[in-house]
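Chain letters run A, B, ... following the sequence lines, proteins first and then strands; every chain starts at 1. Model, not experiment: these values are computed from the prediction.
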Amino acid sequence: MDGQENKIKWNERIKIKDLKDKTGQIHSLTGWVFFTRKSGNIRFIGLRDGSGKIQGVLVKEEVDQATYDLFTRLKQETCIQMSGIVQESKRNRFGVEILVKEIEIISISENFPITPKEHGTDFLLSNRHLWLRSSRQLALFNIRNKVIQGMRDFFAQHDFVQMDSPILTQNVGEDPKGLFNLSYFDLGEAYLAQTGQLYLEASIFAHGNVFCFGPTFRAEKSKTRRHLTEFWMLEAEMAFMDNVDNMDVQEDLIRFVITKVLDECSWHLKELERDVEALKGCMEPFIRLSYDEAVVILQNKGAKINWGDDLGATDETLLTGDSLVPVFVYDYPKKAKAFYMKENPLNPKTVKCADLLAPEGYGEIIGGSQREDSEEKLVSRILEVGLPIEPYQWYVDLRRYGSVKHSGFGIGLERLVGWICGIHHIRETIPFPRMMERVYP
RNA sequence: UCCCCGAUAACUCAGUUGGUAGAGUAGGCGGCUGUUAACCGCCCUGUCGCAAGUUCGAGUCUUGCUCGGGGAGCCA
């Protein structure tokens, strides 16, 4: 015997969220104290366990003196087991409460730095390991989790196969300055991948439609609310699809994910004080503007943009305007985009690509394109932009064995979550953000 | 990389024409039989980012440095 005969099986332990229909029953809960309060001979203990929050009521006549006195040791974040009778309560925000009979302190906590009062960004980020426990962060990461689940569900329903790409690579990508490099044994320099796209393209010839999801690294010295040096990107690649199919898939995916979040995370959205009406804008058909049209619209609004320039952050905000409907901008100038994008047969100065701009000033959340499927054109583009051909030989090779029209896109998860949650700076949407000025904790 | 702003108690901040620092919160003690960021009373809290300079005297003025924030470019 192991002395644990009475142990409750891991998946049968009661959670705070399960207590609503258990009034009158005696239950034992484990969790962390998030507030205490006393008033005369009645004392309150706020307990959270990740599934929810509840209040325990400690009444002097209901418990022995030792238990009653234990209250003074319950500081914020003390880990306890609290047992008692579940009872209905209309006097607090939890609906039910526990009339406490027993308390066991599992582990003490003293002077927890993050209080329910105000804190600055620097302080919170330096205490990120503790900040994650707060209500807003809890809501945020539950939604992030739901977004990831939603994307996976969508791809599963449409028979996409997950084919993850390597993080260590020798492909330079678009901008050598944006790469983190490291020495790779005797084989010289390797880099942390900026994208899995090229590898994903190889997989479409095996599976047709594929996706990958993993961290991506950019060493760009960007200091904005929309940049991280390490972020999570979901990328998809589809055989036989042109750039219009590509936009259709993206639109369906985003709508699917938003619907799921609205249906299943309303409580978390409320905690974040997110205006859900704003999210319902994506139930409308997305607006699709060609780059040419976008430039005209921007010029009419007084923006200093010339044909050929990439869109800036303010341009993106101007384009989405007051509308709550996401906007695709397609067929950008070739010189503003990456070498692998397919040249537009109708206008060779442009490529068949599309960026999806989220409304409310959140800006670009997806970048996608139809890929160059001609070996000849791809090689000339690689040379044209001045990249070495050797590391891309395998990629070019794909165009020699049954090349096919294909398209794909990449979603920046933190940007998507930032928009859905109405979070200003995306550093809050990843558990441990990595930025130019911060790698701790 | 460029432009702008900041650094004072554990946290958020105030600090007058230069005269050895103050509030709220947190923490400690006490009060109140139902608290919701409770309330009331008392107590505690300092390398004023670092270094130099001006001055009888610097949190305050000057210079340099460090760290952080906001924005731009670039991108997802």
[N] base to [X] side chain: any donor-acceptor pair below 3.5 Å?
{"X": "A:S222", "N": "B:C74", "result": "yes"}
{"X": "A:Q76", "N": "B:G27", "result": "no"}
{"X": "A:H227", "N": "B:C75", "result": "yes"}
{"X": "A:K117", "N": "B:A26", "result": "no"}
{"X": "A:Q55", "N": "B:U36", "result": "no"}

[X] side chain N/O closer than 4.0 Å to the phosphate oxygens (OP1, OP2) of [N]?
{"X": "A:R427", "N": "B:G70", "answer": "yes"}
{"X": "A:H425", "N": "B:G71", "answer": "no"}
{"X": "A:R438", "N": "B:G69", "answer": "yes"}

Indicate, with a heavy-atom threshold strictly under 4.0 Å, whether [X] touches base, sugar-phosphate, or nothing.
{"X": "A:F44", "value": "base"}
{"X": "A:L416", "value": "nothing"}
{"X": "A:D310", "value": "sugar-phosphate"}
{"X": "A:K75", "value": "sugar-phosphate"}
{"X": "A:T224", "value": "base"}
{"X": "A:G120", "value": "sugar-phosphate"}
{"X": "A:I42", "value": "base"}

Row check, A:Y340 ring normal vs A:R381 NZ/CZ: under 6.0 Å, within 45°:
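Not flagged: A:R381 not positioned over aromatic ring of A:Y340.
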
Please figure out whether A:T115 or A:L99 has its closest RNA chain B nucleotide nearer the 5' end.
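The residue whose closest nucleotide sits nearer the 5' end is A:T115.
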
Does A:Y199 have its ring centroid less than 6.0 Å away from the ring centroid of A:W394?
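Judged by ring-centre distance (under 6.0 Å), A:Y199 and A:W394 do meet the cut-off.
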
When you look at NZ of A:K221, are more than 12 heavy atoms from neighbouring residues, nucleotides or ligands closer to it than 6.0 Å?
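12 or below, so no.
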
Classify the ring geometry of A:Y392 against A:F339: parallel below 30°, tilted from 30° to 60°, perpendicular beyond 60°.
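Ring orientation of A:Y392 relative to A:F339: perpendicular.
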
Rounded to whole angstrom units, what separation is found between the NZ atom of A:K223 and the P atom of B:C5?
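Rounding to the nearest Å, NZ of A:K223 and P of B:C5 are 14 Å apart.
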
Listed nucleotide nearest any side-chain atom of A:M233, set B:G34, B:A76, B:C75
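Between B:G34, B:A76, B:C75, the one nearest the side chain of A:M233 would be B:A76.
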
By nearest atom, which of the nucleotides B:G69, B:G34, B:C11 is closest to the A:V57 side chain?
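For the A:V57 side chain, the nearest candidate turns out to be B:G34.
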
So what does the secondary structure string of RNA chain B come out as, 5' to 3', with Watson-Crick or wobble pairs under 3.5 angstrom, [ ] for crossing and | for pairs with another strand?
(((((((..((((.....[..)))).(((((.......))))).....(((((..]....))))))))))))....

